[in-house]
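Proteins come first, then strands; the chains are lettered A, B, ... in the order of their sequence lines, and each starts at number 1.
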Amino acid sequence: MKPTTPEAYKLFHDGTLALSRMEAHGINIHTERLAETIVSVSGQIDTIAKELHDSPEWEAWRKRFGMNAELGKRQQLGILLFDILGHTYPYEKKGDYTVDEKVMSTLNLEFCNLYVRMQKLLKLRSTYLLGIQSHITPDGLVHGTYSLTIPITYRSSAFDPNWQNVPIRDPEIGKLIRRCIIPREEHQLIEVDFKGAEVCVAACYHKDQRMLRYIRDGYDMHVGSAMHCFLIEKADVTKELRQHAKGAFTFAAFYGDWYKSMAVGLWGLIEKHGLKTKQGIPMQDHLRSRGIGRRGLCAPKGDTVEGTYEHVIQKAEHWLWKEEFTQYDKWKKDWYAEYQKNGSFHTLTGFTLHGPFSKNDACNYPVQGSAFHCLLWCLIEMTKEIAKQRKKTKLVAQIHDSILADVPTEEVDWYLATLNDIITCRLPEAWKWIITPMIAEAEVVPVGGSWFDKEEVNLGAIEYGHSRAIATPACVACAGSGTSTSGKPCTPCKGTGLKVG
DNA sequence: CAACAAAGCGCG
DNA sequence: AAAGCGCGCTTTGTTG
């Protein structure tokens, strides 16, 4: 570990203590519900396995591999799909066939769709349901472990079990495990996270004026991406299209992906989800009407041809870096050149990273690390605040840019107001390099609910001891009061109490 | 048999 | 120069 400044050392020293307290608290599990869920998911797996075993595909599988045939053997599945059944393999073959979810979904076969579903349920059962169950202690709690020394980026990692990768993106899968994770008696689970943590921290490094303005104004930069990725007008950007453009284009590009790979990803999403325009026209038809009839080869060395989706994304990439965020683009170039000169670089939070790094690594690591350090600083402050004010609230998990707490119902408003203040006011006061607003978002589990049942709450409507509705747009940080809890003028709104952006 | 690698997939 | 980054966990496949 190489914290270069005393502040960096102290951050990890205090952070280690805060995290170990978190480990000791543990997370409460609904053990009976977990056991029931394991039975029910096992039933679903058996049902799907039976269906697969009744299919003509299994007939062929069995014929080829005889007694060795097993659904779990992906090598066999690859040979079955592409050698025996003659489906087109979407890549250049080297070694075994890749038979992951992406490949399977492009084939559009009932057999493959069922297979993917079964794999998801198997993953849920072994890694999460059984995995978490195996860590339950006699007190009915699960005490995971965190490390600040493993990740090369100076982030944290988590294990036994890993609380940082509990399913949520697939709502059905997420529900099955998260329903088993519950608050203590008379408590409520609360998850608070940073809005756009890595985008904000990246902006503190590259200081791209246009992006800084977007962040401060609350401008939605993913709408522009959707317009370029799907060749649509601003008014026709739906929530779904925006979401896919955000994940598969904007963020992918920020992390250093390039257009050929993004084109493959986006094209796959169009097919997998059957994406449509706002008018309900299938995306492929819409693109065809705009002269885009096929994906394009997307081969690393192949030329990009007009009339392909690959070419669309190439132009979108050009727009993003050469028109939209030109200063960010230049920062990457300069930052990497500086790293090549020195063989190392420093983070804004006082850590040094030594090579060898690719350009993407050198540009991504400091952002990933510093974004986490913002969270860790707030975690430490909140831990101190709980002790100082003798609160019963327990911080129970940390997930890169969010904190999960188990909060007695009577402390809920206090907790939300205090943590909100730490994130939005005290953090940017403590670290002057933060030049974007820091915004907190909170989700609260209603009484009697589980982690699955978390609901967004409006932090602007929370004050100490009670909640109130806000009539005029108020600053989210200080709820319109203009002062932070430390008594100083609120930082984001500069003491005006008015909504920022 | 154990130890390790690779594939695959879960999260931010 | 490389072709998104970081992690942990489970399963299958390989090696000695």
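- No engagement by A:D96 is indicated, since no non-hydrogen atom pair under 4.0 Å with the nucleic acid exists.
- If you check B:dC4 for Watson-Crick or wobble pairing at under 3.5 angstrom, you find it paired to C:dG13.
- Using a 4.0 Å heavy-atom cutoff across all strands shown, A:I168 reaches sugar-phosphate atoms only and no base atom.
- The side chain of A:N360 has C:dA3 as its nearest neighbour among C:dA3, C:dC9, C:dC7.
- Within 4.0 Å (heavy atoms only), A:D257 reaches at least one base atom of the nucleic acid.
- Whole-Å rounding puts the A:D160 CG to C:dC7 C1' distance at 14 Å.
- For C:dG13, one of the phosphate oxygens OP1 or OP2 lies less than 4.0 angstrom from a side-chain nitrogen or oxygen of A:K73.
- The base of C:dG8 is not paired with the side chain of A:N162 by any donor and acceptor separated by under 3.5 Å.
- Taking 4.0 angstrom as the limit, A:W163 places none of its side-chain polar atoms (N or O) nearer than this to OP1 or OP2 of B:dC11.
- The base of B:dG12 is paired with the side chain of A:R169 by a donor and an acceptor separated by under 3.5 Å.
- Residue contacts shown for A:D361 are limited to sugar-phosphate atoms, with no base heavy atom under 4.0 Å away.
- As judged by a 4.0 angstrom heavy-atom cut-off over every strand, A:T98 is placed among residues touching the sugar-phosphate backbone only.
- Side-chain proximity of A:Q368 to the nucleotides C:dG6, C:dG8, C:dT10 is greatest for C:dG6.
- At the heavy-atom level, A:A158 lies under 4.0 Å from the strands shown only through sugar-phosphate atoms.
- Residue A:L122 is classed as having no contact, given no heavy-atom separation below 4.0 Å to the nucleic acid.
- In this structure C:dG8 sits in a base pair with B:dC9, meeting the Watson-Crick or G-U test at under 3.5 Å.
- A:V99 comes within contact range of the sugar-phosphate backbone alone, with a heavy-atom separation under 4.0 Å but no base atom that close.
- In terms of phosphate contacts, A:R155 brings no side-chain nitrogen or oxygen within less than 4.0 Å of OP1 or OP2 of B:dG12.
- For A:K301 and A:S157, each mapped to the nucleotide of DNA chain C holding its nearest heavy atom, the one lying further toward the 5' end belongs to A:K301.
- Atom CZ in A:R74 sits about 16 Å away from atom P in C:dT10, given to the nearest Å.
- Taking atom CG on A:L130 and atom P on C:dC9, their separation rounds to 15 Å, with Å as the unit.
- Taking the six-membered ring for Trp, A:F357 and A:Y336 have ring centres at least 6.0 Å apart.
- Rounded to an integer number of Å, the gap from A:L129 CG to C:dT10 C1' is 14 Å.
- A:N364 places its CG atom 13 Å from the C1' atom of C:dA3, with the value rounded to the nearest Å.
- As a whole-Å value, the separation of A:F251 CZ from B:dC11 P is 16 Å.
- Checking A:S450 against A:D453 by side-chain atom types alone, a donor-acceptor pair falls below 3.5 Å.
- Taking side-chain N and O atoms only, A:S261 has a distance below 4.0 Å to OP1 or OP2 of C:dG4.
- Taking the six-membered ring for Trp, A:Y146 and A:W163 have ring centres at least 6.0 Å apart.
- We find the OG-CG distance between A:S157 and A:N165 to be 11.0 Å, quoted to the nearest 0.5 Å.
- Taking the six-membered ring for Trp and the full ring otherwise, A:H400 and A:F194 have centroids separated by 6.0 Å or more.
- Taking the side chain of A:P167 as heavy atoms from C-beta on, and the options C:dG4, B:dG10, C:dG8, the nearest nucleotide is B:dG10.
- Per the geometry, CG belonging to A:L124 stands 10 Å off C1' belonging to B:dG10, to the nearest Å.
- Between A:W258 and A:E317, the side chains place no donor N or O within less than 3.5 Å of an acceptor N or O (distance only, hydrogens not considered).
- Dashed line: the shortest gap from a side-chain N or O of A:K120 to OP1 or OP2 of B:dG8 is not under 4.0 Å.
- For A:I132 and B:dC11, the CD1 to C1' distance is 12 Å, given to the nearest whole Å.
- For the OP1/OP2 pair of C:dT12 and a distance below 4.0 Å, the side-chain nitrogens and oxygens of A:Q75 include no atom meeting the criterion.
- Across all strands shown, A:E101 has heavy atoms under 4.0 Å from sugar-phosphate atoms exclusively, and none from any base.
- A side-chain donor from one of A:E191 and A:W451 sits under 3.5 Å from a side-chain acceptor of the other.
- Using P as the reference atom, C:dG8 and C:dG4 are 22 Å apart when rounded to the nearest Å.
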